[in-house]
Amino acid sequence: MININTFKVFFEDVIANKDENGGYTPDQFNSAIAYAFNAVTDKYRAKLRAYQLGNNKNFASIPEETYLSELVTTYDVTISTFGVGSIPSDVIETIAWKYNYITQNPLKKVGYNIREVSKPEFTYYESSQLNAPTKKHAVVSYYDGTLKFLPKDLGKAEIIYFKSVTPFWAWVLTNNEAVYTSGIGVNGTTVQIPLADECKNDLAWEMCKYLGASIKEDYLEKFSQMESAKQ
């Protein structure tokens, strides 16, 4: 995890050319870091999806998997007798669904994958007698703001997903200067950047684009090489 105060110092003292751009207020920085974080994580998730599709793997052994690891979370969705569940409020993208079946003799938990399908597919399975989903081959669909499952009597389902996070640099006023605080500040509570340290350059690059900031000459060639390597 990147400490947001450390990153702010890195960006403003090492990357951004203050002689040309001036300083940035805490609100401007928070707006920029929220944008940069979303832009970078969107790129990482897209690259991870492309790799997984190309290699037919559920999880990929590429750096982006490690970069995003702190954004992965698991949640148990309670399913009503009508086969309906609530979507966790912080879901960005689903990674996988599982149904955990408990056997009695011997007592153990067996996990089965739940397949995510489109609304038309779900409607087909809902009316099908020959291809009705079973607990070992259940399906789920995002359906009009809720989740719908077949079969309806699963009880609970485990969702593994990328969660939403908005980094925030909290601050207090000391002698009319904005000073970082790791606790509750003037505009909220600090939220650190849940990415690996290797992501700092990508974040700084997106910050510069958002703020229209120029990069110090010492780092300009490094950033140019980094962007060229991505092409």
Side-chain angles (χ1 to χ4, degrees), residues 34-167 194-195 199 202 206 230:
Y35 164 83
F37 178 77
N38 288 332
V40 166
T41 53
D42 282 352
K43 290 178 183 178
Y44 291 166
R45 287 189 290 110
K47 186 171 181 179
L48 189 57
R49 282 195 304 272
Y51 183 91
Q52 291 166 348
L53 288 171
N55 288 271
N56 194 28
K57 295 180 181 179
N58 290 326
F59 295 96
S61 297
I62 60 174
E64 283 73 14
E65 182 186 9
T66 301
Y67 298 164
L68 294 168
S69 62
E70 291 189 57
L71 292 174
V72 177
T73 191
T74 301
Y75 179 80
D76 283 336
V77 175
T78 299
I79 304 168
S80 74
T81 54
F82 298 101
V84 177
S86 297
I87 303 169
S89 60
D90 60 347
V91 171
I92 292 180
E93 181 180 339
T94 305
I95 298 174
W97 286 95
K98 290 186 179 297
Y99 168 67
N100 293 316
Y101 179 75
I102 307 299
T103 65
Q104 297 301 319
N105 292 305
L107 184 62
K108 65 177 182 179
K109 180 171 70 174
V110 181
Y112 296 105
N113 290 328
I114 300 174
R115 189 161 62 92
E116 188 174 316
V117 299
S118 66
K119 283 176 64 174
E121 288 177 298
F122 189 90
T123 300
Y124 163 76
Y125 284 119
E126 201 169 24
S127 60
S128 174
Q129 293 183 345
L130 292 176
N131 296 305
T134 64
K135 288 184 176 180
K136 291 184 178 181
H137 303 283
V139 297
V140 61
S141 182
Y142 287 89
Y143 209 96
D144 297 335
T146 60
L147 297 165
K148 294 186 73 174
F149 295 84
L150 289 174
K152 296 178 180 180
D153 60 346
L154 293 177
K156 282 189 177 180
E158 183 180 272
I159 178 176
I160 305 168
Y161 63 95
F162 290 114
K163 64 183 176 180
S164 172
V165 175
T166 302
L195 290 173
C199 304
D202 283 340
E206 293 295 340
K230 296 176 184 176

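- Glu158 approaches Thr74 most closely through the heavy-atom pair CG-CG2, 3.2 Å.
- Residues Thr94 and Glu116 have side chains in contact (heavy-atom distance under 4.5 Å, counting atoms from C-beta outward).
- For the atom pair Thr41 OG1 and Lys43 NZ, the distance stands at 10.5 Å (nearest 0.5 Å).
- Residue-environment remark: NZ (Lys156) stays at or below the threshold of 12 foreign heavy atoms within 6.0 Å.
- To the nearest 0.5 angstrom, Ile114 atom CD1 is 5.5 Å from Phe149 atom CZ.
- Ring orientation note: the planes of Tyr101 and Tyr112 are tilted relative to one another, at an angle of 30° to 60°.
- For Leu147 against Ser86, the heavy-atom pair with the smallest separation is CD1-O, 3.6 Å.
- A 4.5 Å side-chain heavy-atom check between Lys119 and Asp144 finds at least one atom pair inside the cut-off.
- Taking 4.5 Å as the limit, every side-chain heavy atom of Ile79 sits out of range of all side-chain heavy atoms of Tyr99.
- A side-chain donor-acceptor contact under 3.5 Å links Ser141 to the backbone of Val117.
- Atom NZ of Lys98 and atom CG of Asp76 lie 13.0 Å apart (nearest 0.5 Å).
- Between atom OH of residue Tyr35 and atom OG1 of residue Thr166 there is a gap of 15.0 Å, rounded to the nearest 0.5 Å.
- With contacts defined as side-chain heavy-atom distances shorter than 4.5 Å, the pair Tyr143/Val84 does not qualify.
- One distance of note links OH of Tyr161 with OG1 of Thr73; it measures 5.0 Å at 0.5 Å rounding.
- Closest approach of Pro133 to Val139, counting heavy atoms only: CG-CG2, 3.8 Å.
- Put simply, the side chain of Ser128 never gets that close to the backbone of Tyr125: no donor and acceptor are under 3.5 Å apart.
- Closest approach of Pro88 to Ile159, counting heavy atoms only: CG-CG2, 4.2 Å.
- In this structure, the separation between OG1 on Thr81 and CG on Leu154 is 12.5 Å, given to the nearest 0.5 Å.
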After noting the C-alpha distance and the side-chain angles of Tyr44 and Asp202, does the key distance pass the side chain to side chain donor-acceptor pair (under 3.5 Å) rule? CA-CA 10 Å; Tyr44 291 166; Asp202 283 340; 2.6 Å; yes
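- Contact of the Trp97 side chain with the Asn113 side chain is not registered, since no non-hydrogen atoms from C-beta on lie closer than 4.5 Å.
- The shortest distance between side-chain heavy atoms of Thr66 and Glu64 does not fall below 4.5 Å.
- Contact annotation: the side chain of Leu195 never approaches that of Glu70 to less than 4.5 Å [non-hydrogen atoms, C-beta and beyond].
- Glu206 is not listed as a side-chain neighbour of Asn38, based on a closest heavy-atom distance of 4.5 Å or more.
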